[in-house]
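Numbers here are sequence positions counted from 1.
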Amino acid sequence: MQLRFELLKTFEGCALFQELVRRVWGGDEDDTIPMHVLVTIAKSGGGVLGAFAADGPPEIQGMVGAALWWIGTDKPKGQSKPILKISSHMAGVLPEWQSKGVGAQLKLAQRDYVLQQGLTEWITWTYDPLYRPNGVFNIHRLGATCNTYYRNLYGELNDDLNRGTPSDRCQVDWWLRSERVLAAVEGKGSRADSSSVDLASLHRLSTAAAPNGFRQPGAVTVPATGAPLAVPIPDDIGAIRRTDPALGHAWRLYIREIFEAAFAKGYIMVDCVNLAEHGWHYILNLSLIP
């Protein structure tokens with residue numbers, strides 16, 4: 001699919017961005033990023049990036065996806081001093097344009113712009129680890145990693161995707177010139193199934209059937225041996241939250257407990273795959289896979 005990418009720096013371009021955000025996330029006017037903030041970010045080294053398709057919605061000039069980021073500092077785990085990074089705050093695609101490769105092209109375009117800027121080779125962003133498609137996209141497709149978990153990072157959110165649950169988030173690290181990311185950029189990553197995982201070595205956490213047909217989390221254990229860890233995630237947390245909010249909350253607390261415990265022991269999230277007969281799992285290792 002042919003897309004055109006443009007860094008938006010005008011009032012008119014930022015207005016298109018605002019409308020796309022409303023269509024992707026829903027919510028109310030209180031959640032809209034003010035125009036003066038967007039323009040300031042765009043003109044101060046950050047990025048308001050639009051993805052446009054020839055047959056995209058004409059009322060927003062064909063925009064089908066967008067991303068927002070700014071320059072920040074952070075201290076990678078294991079380092080003593082903060083370094084420059086790009087903080088990527090939002091990246092979204094119109095619902096009717098999802099599953100068409102727009103998101104991947106959008107993130108790779110962001111990578112190109114950041115590398116051209118020449119300030120840093122590190123991008124971070126946060127996502128809800130209970131949303132399985134985002135886990136597959138961020139960790140498996142893009143080659144990002146994660147060893148940071150935040151409880152209720154943004155407080156109570158009121159948009160359609162997040163309303164009614166603590167805003168726990170994983171922060172991913174996208175090292176733009178790492179071997180993992182270069183392989184992802186070149187399309188050399190393996191399929192998101194068990195063919196990419198040594199099943200015999202895994203310490204796999206189990207789930208149990210819930211009365212309503214969903215799966216419910218089991219016990220939390222982190223292997224003392226340091227074996228690779230497979231953490232189950234629900235296939236469709238949105239359906240669970242709509243049907244059984246209590247079970248959705250149980251999944252939130254389960255993922256919180258296991259990730260906080262595993263990251264404290266030095267584990268790093270390196271993949272998100274579908275294990276045969278067991279469903280979707282995050283794969284965590286004690287050492288980073290290149």
Side-chain angles (χ1 to χ4, degrees), residues 14 17-42 44 46-48 66-77 82 85-93 95 103 122-135 137-139 144-174 217 220 231 233-234 236-264 269 272 282:
C14 289
F17 175 90
Q18 285 182 327
E19 178 56 28
L20 183 128
V21 168
R22 293 187 191 99
R23 297 185 182 199
V24 173
W25 278 275
D28 53 35
E29 289 302 314
D30 290 340
D31 295 321
T32 302
I33 300 175
M35 182 64 64
H36 61 86
V37 173
L38 288 173
V39 173
T40 300
I41 291 172
S44 303
V48 183
L68 172 70
W69 69 88
W70 51 78
I71 300 169
T73 63
D74 205 347
K75 185 172 68 174
K77 288 188 177 180
K85 72 169 188 177
I86 293 297
S87 180
S88 184
H89 184 60
M90 305 177 84
V93 177
W122 181 27
I123 300 179
T124 70
W125 64 89
T126 63
Y127 80 101
D128 186 341
L130 290 176
Y131 277 93
R132 185 264 306 168
N134 291 348
F137 180 71
N138 292 329
I139 309 301
T145 59
C146 171
N147 60 358
T148 304
Y149 189 89
Y150 293 113
R151 293 189 182 196
N152 201 28
L153 178 62
Y154 303 116
E156 185 74 15
L157 296 174
N158 195 39
D159 63 82
D160 295 342
L161 298 179
N162 297 290
R163 188 177 295 112
T165 187
S167 58
D168 287 24
R169 295 293 184 267
C170 280
Q171 177 179 288
V172 302
D173 300 301
W174 205 28
V220 171
V231 179
I233 53 175
D236 189 345
I237 187 62
I240 292 175
R241 286 174 175 168
R242 290 190 297 270
T243 306
D244 189 343
L247 180 58
H249 188 64
W251 272 107
R252 169 65 82 218
L253 298 182
Y254 170 81
I255 288 294
R256 175 189 291 180
E257 183 178 357
I258 185 60
F259 279 176
E260 288 183 342
F263 292 160
M269 183 196 299
C272 183
Y282 286 110

### Tyr254: ring pair (Phe, Tyr, Trp, His ring centres under 6.0 Å) partners, not counting sequence neighbours
Trp251
### Message
Could you check, using the six-membered ring where one of them is a Trp, whether Phe259 and Tyr282 have ring centers closer than 6.0 angstrom?
### Response
yes
### Task
Could you grab the distance from atom OH of Tyr149 to atom CZ of Arg169, nearest 0.5 Å is fine?
9.0 Å
### Task
Kindly write out the residues that satisfy side-chain hydrogen bond (donor to acceptor under 3.5 Å, both in side chains) with Asn152, not counting sequence neighbours, or none if the list is empty.
Ser167
### Query
Does Ile86 reach the side chain of Ile71, with side-chain heavy atoms less than 4.5 Å apart?
yes
### Task
I would like to know whether Phe263 and Thr148 meet side chain to side chain contact (heavy atoms under 4.5 Å, CB included); could you show each step before the answer?
CA-CA 7 Å; Phe263 292 160; Thr148 304; 5.7 Å; no
### Message
To the closest 0.5 Å, what do you measure between CD1 (Ile258) and CG (Leu253)?
### Response
13.5 Å
### Query
Atom CG in Leu20, atom CG in Leu68: separation rounded to 0.5 Å?
12.0 Å
### Query
side chain to side chain contact (heavy atoms under 4.5 Å, CB included) between Ile237 and Arg132: does it pass, once the steps are laid out?
CA-CA 8 Å; Ile237 187 62; Arg132 185 264 306 168; over 6 Å; no
### Task
Can you see which heavy atom on Ile233 is nearest to which on Pro129, and at what distance?
CG2-O, 4.1 Å
### Summary
Tightest non-hydrogen contact, residues Thr40 and His36, listed as OG1-O, 2.7 Å
### Query
Between CD1 of Ile240 and CG of Leu130, what distance do you get to the nearest 0.5 Å?
8.5 Å
### Task
With the side chain counted from C-beta on, respond yes when Val21 and Thr32 share a heavy-atom pair under 4.5 Å apart, and no when they do not.
no
### Task
Evaluate the side chain to side chain contact (heavy atoms under 4.5 Å, CB included) criterion for residues Ile123 and Trp69: first the C-alpha distance (whole Å), next the side-chain angles of each, then the deciding distance (0.1 Å), finally the verdict.
CA-CA 9 Å; Ile123 300 179; Trp69 69 88; over 6 Å; no
### Met90 vs Ile33 side-chain heavy atoms within contact, under 4.5 Å
yes
### Task
Specify the closest pair of heavy atoms between Glu156 and Thr165, including all atoms of both residues, with the distance to one decimal.
OE2-N, 4.0 Å
### Query
For the residue pair Trp125 and Trp174, is the inter-centroid distance of their aromatic rings smaller than 6.0 Å?
yes
### Exercise: identify the closest heavy-atom pair between Asp128 and Arg241
OD2-NH2, 3.2 Å
### Message
Within this structure, what is the OG-CD1 distance for the pair Ser87 and Ile41, rounded to the nearest 0.5 Å?
### Response
9.5 Å
#### Entry: Asn138 and Tyr131: CA distance, side-chain angles, deciding distance, side chain to side chain contact (heavy atoms under 4.5 Å, CB included) verdict
CA-CA 11 Å; Asn138 292 329; Tyr131 277 93; over 6 Å; no
### Query
Around Lys77, counting heavy atoms of other residues, nucleotides and ligands shown, do more than 12 lie under 6.0 Å from its NZ?
yes
### Message
To check you understand the geometry: which heavy-atom pair defines the closest contact between Ala42 and Val48, and what is its length?
### Response
CB-CG2, 3.9 Å
## Note on the structure
When every non-hydrogen atom of Thr73 is compared with those of Pro82, the smallest separation belongs to CB-CB, 4.5 Å
### Query
Counting distance only, does the side-chain N/O of Arg256 pair as donor-acceptor with the main-chain N or O of Asp168 below 3.5 Å?
no
#### Entry: Note, Pro217 side chain near Leu247 side chain (heavy atom, < 4.5 Å)
yes
